[in-house]
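A quick write-up on the structure given underneath.
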Amino acid sequence: MSPARAGKTSATTDSTTDTDRTSRGDKMANGKAASNSNGNGGPPRIQRPPAEVRFADELARLRESDSGDRPPGWALSLQAARRFILGDEAAGITRKFVGDPSLIDRALVTLATSRGLMLVGEPGTAKSLLSELLAAAVSGDSTLTIQGGAATTEDQIKYSWNYALLVAEGPTRRSLVPAPMHRGMAEGKIVRFEEITRCPLEVQDCMLSPLSDRVLAVPELTGDDAMVFAHDGFNVIATANTRDRGVNEMSAALKRRFNFETVFPIADFRTELDLVEAEATALLQRSGVTVPPRRDVLEVLVTTFRELRTGTTERGDTMDRLSAVMSTAEAVSVAHAVGLRGWFLRGDAGSADDIVSCLAGTAAKDNPEDLARLRRYLEQQARSRKGKQWQALHGARHLLPG
Amino acid sequence: MTATFIGVRHHSPACSRVVRSTIETLRPAYVLVEGPADMNDRLGELLLGHELPVAVFSSYRDDERAHASWAPFCDYSPEWAALTAGRACGAQVRFIDLPAWHPAFAERQNRYADAEQRYADVVDRLCKAFAVDNVDTLWDHLFEIEPDELLAERLDAYFDLVRDESPAGADDTAREAYMARWIRAAIQEAGDRPVVVVTGGFHRAALIRLVNGGSGGSGGGAAVAAGSGGGAAGVAGSGGGAAVAAGSGAGAAGVAGSGGGAAVAAGSGGDGGLDDVGWPEVPRLPDDAIGGSYLVPYSFKRLDAFDGYQSGMPSPGYYQRLWDEGPRGAADHLVEAVVGRLRKRKQPVSTADLIAARTSAEGLARVRGHRHPARADVLDGLATALVGEALDVPLPWATRGLLRAGTHPVVVEMVAALSGSRVGRLHPDTPLPPLVHDVTATLERHGFDGAAEVRLDLTTDDGLARSRLLHRLRVLRIPGFVRETGPTTGVDPVLEEHWTLSPVDTRLPALIEAGAYGVTLGEAANAAIEERVGPSAGDVERLAGALFDAALCGIAELSGRVLTEIGRSIGASRELAPLGRVLAVVLGLWRHDRLLGTARSATLGAAIASAVDRVLWLAEGIRGGAAPADLARLGALVATRDAILHAGPALDLDRQGALEVMARVAAAHDAPPDLRGGAFGFGWSLGHGGEAARALRGAGTPETVGDWLAGLFALAREALLTVDDHAGGIAAATRPGEAEPEGVVVAGGVAAAARSGEGVAVGGGAGAAARPGGVEPDGGVGAAARQTVAAAREDALVAHVADAGGVVVAEMPADGVGRVSRERLLDVLDELIGMLADHEFLVALPALRQAFTYFPPRERDAIAGQLLARRGLAGSGRALLRTEAPPEVLLRGHALEADVDALLAREGLLDPVAIGAASDVPEPA
């Protein structure tokens with residue numbers, strides 16, 4: 001897989017999760033980058049440039065003012081990289097990731113050691129965004145990406161050949177097409193491996209020698225080209241989904257070469273509510289809805305999502321978790337749909353009834369068990385809550401299909 | 001003369017260092033400490049030379065409220081440093097806060113809890129500005145591991161900021177006013193010599209204002225110097241470079257202000273009007289109240305176990321090391337302790353892991369700008385290196401609060417290592433906790449001080465009182481008191497207890513230890529039981545044990561906090577069966593317990609209400625199609641129904657909601673058949689079920705019908721026995737005033753009579769169904785069901801009355817299209833079973849037998865009699881239920897006969913149709 005292709009793949013996969021946890025600032029920067037490149041008659045605008053482009057000015061400013069020690073091969077010091085992700089209001093750096101700051105500390109320190117970084121967590125917890133931001137901060141380049149999947153082969157990880165040249169010249173440096181791992185080691189950059197557990201085990205294991213010996217052998221070539229030694233700054237950020245646990249378990253040997261960091265859904269209710277409100281408002285504006293979503297309706301929505309996600313109510317009762325992904329990103333899209341329904345069907349800001357209508361599609365999907373769990377939640381948990389919107393939610397329970 | 005105010009965070013080693021060095025430098029005349037003023041006469045007791053941690057335990061009880069609280073001290077407590085350093089330099093040391101029993105402390109159990117709940121917003125903003133996880137990490141970052149230079153100034157700036165932006169409640173205001181009076185008096189007494197005031201940081205700014213304001217009129221020569229010199233504005237974060245004041249410009253100005261305006265005039269003479277000059281009085285206990293304060297041993301584990309707004313600084317084990325050896329030593333020891341614990345548990349920790357952990361910790365410290373690895377740095381490093389898989393719950397030091405279920409075992413060991421296991425011990429000369437005297441005297445009074453075998457009759461007042469005494473000792477784990485026999489559930493008819501008493505050496509230490517729970521035996525037992533309720537989340541059996549112990553000890557009412565805990569614990573349970581058992585027992589106690597006196601107690605009421613909610617929630621979640629009947633699960637439904645029936649109005653249970661849930665379960669096709677039957681019976685027995693016969697027809701196949709019936713009979717077996725089709729249905733359908741459509745309602749008797757002539761083929765199965773073995777129904781269930789029978793009969797009576805007044809026409813539709821809409825359940829069952837093929841019947845038989853075990857023998861007789869009557873056969877129902885030969889022999893005989901018949905038929909010696917009919921006839925033995 002060529003690097004350009006790899007970059008594009010990452011951009012398209014990431015765009016599905018890009019509402020997740022990106023702050024308002026991210027969106028603004030996004031819009032600014034986009035409007036710059038989309039003048040009259042200019043080139044078609046890129047849907048989602050990589051992080052180092054989106055935040056180019058912030059990275060430049062951080063580099064200028066960076067006084068800390070840089071680990072060899074790094075574009076920024078650890079402290080500056082930390083500020084890039086966690087934000088620094090005084091310096092005009094936006095906060096790009098909502099979560100425990102200590103997670104970022106640990107991730108950065110791991111990248112400076114000889115172990116790889118493995119980000120694990122539920123789907124929709126912004127693991128990919130975090131890996132992109134880390135790569136952009138550490139290497140200034142987040143495009144060395146391998147997208148894991150059932151069809152991923154070693155070629156797409158290490159290197160492949162330009163077959164026309166291979167036939168004409170035989171195996172030479174010119175006919176070799178480096179894949180992300182080859183480039184990352186030669187150039188001393190961070191390589192991102194998305195969804196590593198979705199690759200077959202034997203493909204995963206080709207990461208062993210680059211991670212432990214820090215060397216990649218190219219047996220077809222001779223001389224210096226036959227061995228690619230990793231330069232300073234090379235490391236690997238892999239992501240894996242806990243929902244895929246057991247699809248392709250990683251080997252113990254590979255596990256040992258990674259430090260595991262679990263990315264959790266946003267712990268704080270208020271933070272999540274604020275984020276959903278900001279994102280939904282922005283999306284609604286783009287969709288031509290002029291009223292902002294109602295805060296009390298969003299509160300009910302976010303609470304519902306959090307409780308179904310964790311399987312625990314605010315009071316501490318345990319329930320069954322939904323098997324569907326109830327991420328913040330999903331909450332934003334439901335909030336968006338609620339606003340659209342309210343505005344275009346009735347001309348208001350959306351109500352608890354709309355939440356029920358939208359939940360069936362997003363939360364229950366086609367899973368009858370989830371639908372039953374959702375129904376039970378609406379029947380019994382919503383019933384006992386105080387507040388007008390909760391009562392409305394309970395009252396609208398018959399809107400669930402089936 | 002000047003007063004120096006030091007604001008501290010309780011249990012902070014950094015603050016202790018400031019306190020100690022300030023006192024050693026200033027050598028003040030008075031050291032005033034936030035602590036219970038009623039202990040001032042007994043400070044000597046505190047300084048006898050105990051092994052810390054110890055605590056001042058205070059209790060209070062009057063007609064309206066009861067309260068117990070602790071003021072714990074450990075080596076590194078700033079208050080302890082103030083006491084010891086003050087005493088060492090010859091200063092007068094005084095506690096200056098209100099006594100613990102004062103209403104201002106009504107909500108507090110831990111005097112030295114953090115106040116940060118009151119300034120959560122500011123702390124949130126600070127955490128964001130410094131990019132740290134929570135207030136504990138922030139605190140470590142700013143104060144604990146930083147060197148001591150300008151530490152006092154940084155502390156003052158921090159506390160001024162949080163106080164400026166957070167309101168103080170009425171309780172705080174009352175305490176501050178009282179403390180200010182002590183300070184003014186001390187300033188006046190001290191003359192030219194300095195005074196040092198050590199209080200919670202939250203109070204510092206207010207106290208300075210109060211002391212200043214209260215005496216401002218005279219403008220004498222004394223000055224009150226605030227501790228902050230002028231470096232206040234220089235509180236800069238060393239890591240991120242962000243200032244404390246980031247995000248709050250006003251706060252920053254406030255900090256600078258308090259720094260600059262530190263020296264203020266204080267009144268020296270007091271030119272009249274100031275009637276509070278002179279030492280303030282220590283509030284005296286109200287006359288009708290009992291209580292007091294005593295020294296008790298304490299432990300790190302308990303210090304760490306406060307939760308929520310009672311919590312203080314976490315991880316006492318770590319901070320003890322920090323105090324003893326400094327941040328480097330504490331970090332090393334932490335790693336050592338964690339690895340030691342893990343290896344003891346046979347968890348592999350390799351040298352490579354240790355190196356990785358050390359490297360990470362050092363790296364993290366550097367990123368975060370720490371000279372030495374702080375608590376969270378070491379923990380983060382260990383977690384990074386040792387946890388090689390996805391976590392289920394976030395790391396506890398990132399979130400605060402108690403450990404959550406599902407925490408990674410490695411992380412659990414890490415937290416245990418932080419917490420430490422130190423247990424305090426009082427100096428031998430310390431006056432014994434009053435509990436020891438109380439217990440000794442009581443035991444002597446009852447003659448329980450020697451070895452003895454004791455039999456107690458619980459029906460006498462004296463026996464009950466003695467039993468309570470012994471049970472209280474038992475729940476406090478005082479050795480030597482063993483109960484051999486006695487009531488185990490509260491509803492069993494055991495009226496006598498048998499105890500074995502044996503005096504042992506370990507009794508006195510155990511009593512001293514238990515002294516931390518209370519002053520009197522009753523209080524102590526109460527506190528011990530409340531402590532057990534807390535961590536029982538989800539474990540309802542354990543909770544039930546605690547509640548029953550409370551009943552045995554004669555503690556009728558537990559505190560409101562415990563009621564909340566009970567609700568939470570029940571809300572976390574996942575299994576219907578244990579919950580049902582607990583609910584049945586608790587309901588039994590609530591309704592009938594005259595013996596122990598817990599009938600109608602609010603504690604049990606709260607447990608019942610939570611359990612009913614939870615049963616309904618769990619019942620609706622059970623899916624998964626056909627499964628054998630689960631009798632324990634049905635027991636839960638029975639208990640819930642009884643709770644709704646008997647405690648519903650008194651406890652305000654949601655009857656309508658329960659009926660709706662059960663209606664949904666009864667109609668859910670993927671729910672197990674026993675649960676559906678039970679849910680149907682639930683509604684039926686409360687008069688909202690619908691028609692039992694029709695529901696039975698819908699209950700499905702031979703495999704499930706028996707289980708469905710088991711459910712129904714568990715809750716409403718009278719559905720089969722009532723002569724009318726069913727009582728509740730009529731009651732619901734014919735409420736007076738409601739018009740009935742004609743020709744729909746047919747009295748069950750008429751329908752039965754009309755049908756008895758039909759000559760329905762006599763099913764051998766029906767006889768067999770009514771032929772269950774002699775299994776007796778479970779006593780408890782039977783008793784519960786019997787009560788329900790009585791209730792249902794009342795309903796039925798109402799129905800009859802309604803019938804008489806309503807427009808009920810007994811009439812068979814002539815056209816046969818609108819079939820009889822109300823059928824007798826027994827008839828339908830008989831019909832269904834009669835239609836089963838032989839092998840289907842054998843499939844259905846075990847479950848049917850089980851279902852009929854819910855009927856006591858007499859009712860089974862009645863059923864058998866009705867079956868015979870249905871066929872127009874005379875004879876005794878009892879005879880039908882008893883076979884002289886065992887069933888296997890009968891079955892073999894049956895098979896033999898079938899073979900013979902087949903042979904005869906093949907040879908053309910018999911008419912096969914006649915044989916078929918004949919072989920189906922039940923054989924009364």
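Just so it is clear: chains get the letters A, B, ... in the order the sequence lines come, proteins before strands, and each one is counted from 1.
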### Query
Measuring heavy-atom distances to chain B, does A/Arg376 have an atom under 4.5 Å in its side chain, in its backbone, in both, or in neither?
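The answer is both parts of A/Arg376.
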### Query
Measuring heavy-atom distances to chain B, does A/Arg257 have an atom under 4.5 Å in its side chain, in its backbone, in both, or in neither?
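When you check distances to chain B, no heavy atom of A/Arg257 falls under 4.5 Å.
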### Query
Which of the residues A/Leu78, A/Thr310, A/Asp105 is involved in the greatest number of heavy-atom pairs with chain B at under 4.5 angstrom?
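Among A/Leu78, A/Thr310, A/Asp105, the one with the most close pairs to chain B is A/Asp105.
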### Task
Heavy atoms only, distances under 4.5 angstrom: which of A/Leu86, A/Val120, A/Asp100 has the most pairs with chain B? Name it, please.
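Of A/Leu86, A/Val120, A/Asp100, A/Asp100 has the most heavy-atom pairs under 4.5 Å with chain B.
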### Query
Given A/Glu89 and A/Arg83, is the salt bridge (charged side-chain N to carboxylate O under 4.0 Å, His left out) satisfied, shown in steps?
CA-CA 10 Å; A/Glu89 273 179 49; A/Arg83 277 159 65 207; over 6 Å; no
With a 3.5 Å cut-off and no angle check, do the side chains of [X] and [Y] form a donor-acceptor pair?
X: B/Trp397; Y: B/Asp133; result: no
X: A/Glu307; Y: A/Gln381; result: no
X: A/Ser323; Y: A/Glu369; result: no
X: B/Asp392; Y: B/His408; result: no
X: A/Thr328; Y: A/Glu272; result: yes
X: B/Ser315; Y: B/Arg375; result: yes
X: B/Asp613; Y: A/Ser384; result: no

### Contacting region of B/Asp353 [heavy-atom separation from chain A under 4.5 Å]
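Both the backbone and the side chain of B/Asp353 come within 4.5 Å of chain A.
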### Task
Below 4.5 Å from any heavy atom of chain A, which atoms of B/Glu660 appear? Answer side chain, backbone, both or neither.
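Answer is side chain: those atoms of B/Glu660 sit under 4.5 Å from chain A.
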### Query
How would you list, in number order, the residues of residues 109-118 of chain A that have a heavy atom less than 4.5 Å from chain B?
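Within residues 109-118 of chain A, near chain B: A/Val109, A/Thr110, A/Arg115.
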### Task
Give me the contact list for residues 381-388 of chain B versus chain A, heavy atoms only, anything under 4.5 Å, ordered by residue number.
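Within residues 381-388 of chain B, near chain A: B/Thr384, B/Ala385, B/Val387, B/Gly388.
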### Task
Indicate the atoms forming the closest heavy-atom contact of B/Leu618 with B/Arg574, along with that distance.
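Residues B/Leu618 and B/Arg574, closest heavy atoms: CD2-O, 3.8 Å.
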### Task
Measure across A/Ala137 and A/Ala81 and return the closest heavy-atom pair with its distance rounded to 0.1 Å.
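It is CB-CB, 4.0 Å.
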Residue pair [X] / [Y], side-chain heavy-atom distance below 4.5 Å:
X: B/Leu126; Y: B/Phe130; result: yes
X: A/Phe258; Y: A/Met250; result: yes
X: A/Ile190; Y: A/Leu134; result: no

### Message
Please rank B/Leu395, B/Thr359, B/Val393, B/Asp670 by heavy-atom pairs under 4.5 Å with chain A and give me the top one.
### Response
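Counting heavy-atom pairs under 4.5 Å, the top option is B/Val393.
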